[in-house]
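Worth saying up front: this structure is predicted, and the values here are computed from it rather than measured. Excluded from the calculations below are hydrogen atoms, water molecules and symmetry mates; all remaining heavy atoms, backbone and side chain alike, are included. Within every chain, numbering begins at 1; the chains are lettered A, B, ... in the order of the sequence lines, protein sequences first and strands thereafter.
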Protein chains: 2
Amino acid sequence: MRVPRQVVEARRLRLTELLQERGYLPISDLCDELGVSEATARRDLSALESEERITRTYGGALGEFNASFISFRERLREETEAKNAIARTAVSLIKPGMRVYLDAGTTAFSIAQELRRNLPEGLTVITNNLALIEPLGSLPSAKTILLGGQLLERQSVLLGDEAVRAAALQKIDLAFLGAQGMTAEGLWNSQRDIIRLQQAVMKRATLSFFCLDHSKLGHKAPEHLADWSSISALICDLSIPELRRSGILLKPGTLISPSSI
Amino acid sequence: MRVPRQVVEARRLRLTELLQERGYLPISDLCDELGVSEATARRDLSALESEERITRTYGGALGEFNASFISFRERLREETEAKNAIARTAVSLIKPGMRVYLDAGTTAFSIAQELRRNLPEGLTVITNNLALIEPLGSLPSAKTILLGGQLLERQSVLLGDEAVRAAALQKIDLAFLGAQGMTAEGLWNSQRDIIRLQQAVMKRATLSFFCLDHSKLGHKAPEHLADWSSISALICDLSIPELRRSGILLKPGTLISPSSI
DNA sequence: ATAGATATGACCGGGGTCAATCATTTACTC
DNA sequence: GAGTAAATGATTGACCCCGGTCATATCTAT
């Protein structure tokens with residue numbers, strides 16, 4: 001028996017919401033909840049999957065727990081090698097008892113993962129990056145401080161005045177920051193709010209390290225973040241000559257490359 | 001062929017990490033990644049499931065997105081009816097454009113879910129409760145502000161000086177708070193840090209509502225949180241006479257019961 | 001060194017899942 | 001109002017998943 005389009009749409013919406021809430025549901029549960037036959041439940045799942053609103057699994061389906069987390073995870077897979085190398089380098093710079101800032105982005109996530117393997121004593125991590133809760137929250141011997149701020153829709157990041165204010169109250173030994181691009185003019189990022197927070201952090205940090213992999217070379221973004229003169233060091237899987245070819249001239253000792261550790 | 005215990009543990013750790021990263025993995029992929037047979041992969045899954053470190057599904061497994069969320073979800077199932085009624089009552093008190101505080105606990109989570117269904121215009125939600133990110137983060141028309149603070153191990157809550165300081169800077173119209181018990185002497189909670197934050201919030205809030213279901217009646221906890229005289233109202237699925245039987249005497253209008261809406 | 005415990009992989013029967021097909025009912029369209 | 005397209009549920013055969021058992025190999029404790 002054919003049913004109005006609206007009913008179908010409503011049911012599928014309800015299905016996505018159910019999956020968002022519960023994470024995973026086996027087909028039989030879906031049928032119960034929606035009051036339809038298995039066949040229809042399957043058809044709904046196929047439809048929603050082709051729209052990329054859910055993920056099917058054998059025997060059930062997953063809500064796209066957090067659409068942002070997925071794209072985050074995907075980005076995480078790009079340049080894994082370089083990012084891991086940079087993360088190892090970053091962690092090797094941390095001494096026991098330090099207070100360290102990790103900002104948003106996938107490189108910071110790699111650093112957090114590396115910290116799980118190789119954790120200095122008495123570390124305090126300060127961040128605005130909610131994605132780090134997973135890797136860091138379960139470490140008993142590290143303290144994790146989250147800056148306050150406004151939750152960005154579809155991103156797992158805290159920003160805004162609150163975040164800047166909270167950052168200005170922190171004592172930070174090392175800040176590990178990311179950026180979307182680097183050119184001869186310096187470092188670039190896309191959002192004003194992100195840059196405001198990064199600048200507030202840099203002001204409070206004894207040393208500010210920027211962590212960028214080679215894929216960022218030559219890219220420009222809408223907003224200028226920092227000059228090369230204002231950063232403590234660049235952690236990057238490129239050599240001095242390679243950087244120079246793009247017009248980036250660094251003072252000696254300002255480049256830390258993963259191979260050198 | 002038996003293998004050292006350490007190897008098994010290492011593989012299982014790797015498995016949980018894989019699942020944490022990728023969210024869902026079918027068994028066959030797990031075998032490839034870990035280089036073991038299907039049987040062993042299954043055994044690992046069973047072991048990790050009994051430790052509640054992952055969630056099995058038919059045909060694969062899920063990482064425990066957040067281990068704490070699960071026990072949280074389980075608590076959520078207790079007294080669902082009462083909590084939902086309280087949540088609906090709470091939401092009915094919210095007017096468009098208000099700034100509302102939700103604290104930790106499952107009742108606040110119910111309120112957040114109710115807000116998804118029934119969202120006042122221009123709402124701002126302020127919270128220290130990370131579990132609310134899921135339901136609230138994806139609402140485009142509401143603003144969510146997270147207080148800063150120290151991440152509590154295995155709890156999805158932010159506490160400490162930072163949180164108190166951040167709360168003291170907020171403008172709050174309505175605060176919806178929870179507690180672990182209520183007796184004639186007032187409201188009780190277990191942790192000092194939680195109470196400090198709740199008191200800071202109460203100081204900043206125009207109205208403070210405490211939301212407790214009937215199961216909290218007569219329970220005492222280590223720390224005294226508030227007298228009955230200091231709260232704006234109690235939202236509770238109990239009647240005045242029922243409360244009086246436990247020695248709780250409320251001024252008229254101080255009890256808001258779900259049935260009365 | 002020996003015995004017992006434990007991890008592993010292969011195999012199998014039972015049962016669940018999936019996609020395709022078909023008949024039926026009902027909503028849309030002209 | 002008639003025809004067409006869409007949605008649904010039932011069925012079916014192929015495929016896949018699961019837990020158990022068993023033989024085997026290796027670690028560990030005595």
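For the pair B/R42 and C/dA7, the criterion of a side-chain N or O lying under 4.0 Å from OP1 or OP2 is not met.
For the pair B/I27 CD1 and C/dG9 P, the interatomic distance rounds to 14 Å; values are reported in whole Å. Rounding to whole angstrom units, CD of residue B/E9 and P of D/dC27 are separated by 16 Å. Rounded to an integer number of Å, the gap from A/D44 CG to D/dT8 P is 6 Å.
In this structure, the side chain of B/S46 engages the main chain of B/R42 through a donor-acceptor pair within 3.5 Å.
Here the nucleotide nearest the side chain of A/R2, chosen from D/dA7, C/dT8, D/dG9, is D/dA7. Minimum atom distance to the side chain of A/A39 is reached by D/dG9, of the listed D/dG9, C/dT8, C/dA10. In this structure, of D/dG9, C/dA19, D/dA5, it is D/dG9 that holds the atom nearest to the side chain of A/R43. Here the side chain of A/V8 is nearest to one of D/dA7, D/dC18, D/dG9, namely D/dA7.
The minimum heavy-atom distance between B/L119 and B/S141, with the atom names listed, is CD2-OG, 3.0 Å. Taking each heavy atom of B/A108 and B/N129 in turn, the nearest pair found is CB-ND2, 4.2 Å.
Residue B/S28 is classed as having no contact, given no heavy-atom separation below 4.0 Å to the nucleic acid.
Within a 6.0 Å radius of CD in A/E51, other residues, nucleotides and ligands contribute more than 12 heavy atoms.
Nearest-nucleotide positions on DNA chain C for B/S37 and B/Y58 put B/S37 closer to the 5' end.
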